[in-house]
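One structure is given below, encoded as structure tokens.
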Amino acid sequence: MNDVPSPMLIDGDENQKKDSFLKANNKGKSIVAALDSKPTPWVEKYRPQSLSDVAAHRDIVDTIDRLTSENRLPHLLLYGPPGTGKTSTILAVARKLYGAQYHNMILELNASDDRGIDVVRQQIQDFASTQSFSFGSKSSVKLVLLDETDAMTKDAQFALRRVIEKYTKSTRFALICNQVNKIIPALQSRCTRFRFAPLDPVHVVERLRYVIKVEGLDVTDSGLEALVRLSNGDMRKALNILQSTYMASQQITEEAVYLCTGNPLPKDIEQICYWLLNETFVESYKRISKMKTTKGLALVDIVREVTMFVFKIKMPSDVRVQLINDLADIEYRLSFGCNDKLQLGSLVSSFTRARSAILAAAK
């Protein structure tokens, strides 16, 4: 028998075969690893993992912590403005109750999911009615987390009322919303209510300082004050502004924060108010219009900041009332997309009228 000569193996071909074999056996694990290495938004990166990490509302958190430890957790209704720690608190409770297996023990539905009456009758009811396994955790009671419940239809809320009542022994419901008046009274009465108020500036500063230290950022004191001022007690907003500003400029100053968010600087607002209170109608209109165009400011932001400035300056109470009423009307009209030039004229005319009233009162 003649031996057929085998084709010569080249080193490169052999390595290529090995690579293809590894890729076939990895089944995309290297791709997942590459995706995992991508930087995550700081809002998610620094989301509290335990109840002790929640920035504020210690009275609420301690109460929920005690109820969880004693295995007496009721149905919860958490409401308040965005970015105040409602979802983070519930997820921290779930981690404490179920440990690493908490994904198997909770059903989380958001406003982006379909949460009509059919979902309540099928998906939620199926989850609540099935037997739960403790997976070595403290409690076998499951948790249904309904985020932004105020977006649910009234029919779905009425259907949910019966499901909550029927499966109380095996399931706890946590409802989260921004506007509690959109939740039907029947659901409210079945839950223990906790209001999450906007965060105190002290707590926002404390958390921001921690993030700044971990990330090694260069933030000035005025920049930190600007972050707290613009966040208005919303921790999520504060972290998003911090990250956006850091991506735009290496040093985070007051000016950098305001430029990144597009809000008018305090010195610009002071200048605008000076023109409104001292210059003629034509001059004020021309100068504000020029600043608005040059610095890319939105009239609605100017109106809001000027309103805050009106509260600080001294003037007769009746003049202040009329002026704030006029500013509120301008903001309302701007929300409907009215012409900016006409509304700027209305702003200047309101101050011209107020100035005449102040002079008349002085005489």
Is the count of non-hydrogen atoms from other residues, nucleotides or ligands lying under 6.0 Å from [X] atom [atom1] greater than 12?
X	atom1	answer
Asp221	CG	no
Lys290	NZ	no
Tyr246	OH	no
Lys45	NZ	yes
Phe281	CZ	yes

Worksheet item: Roughly how far apart are Thr192 OG1 and Leu77 CG, rounded to 0.5 Å?
Response: 9.0 Å
Worksheet, complete the sentence: Here the gap from Ile302 atom CD1 to Leu299 atom CG, rounded to the nearest 0.5 Å, amounts to 5.5 Å
Is the shortest side-chain N to carboxylate O distance from [X] to [Y] below 4.0 Å?
X	Y	answer
Lys86	Asp147	no
Arg162	Glu165	yes
Glu44	Arg236	no

Fill in: Reference residue Tyr258; test side chain to side chain contact (heavy atoms under 4.5 Å, CB included); the match among Thr253, Leu265, Asp268
Leu265
Close side-chain approach of [X] to [Y], heavy-atom, < 4.5 Å:
X	Y	answer
Ile124	Phe173	yes
Tyr285	Lys341	yes
Met235	Arg47	no

Worksheet item: Do the two ring centres, one from Trp275 and one from Phe351, sit under 6.0 Å apart?
Response: no
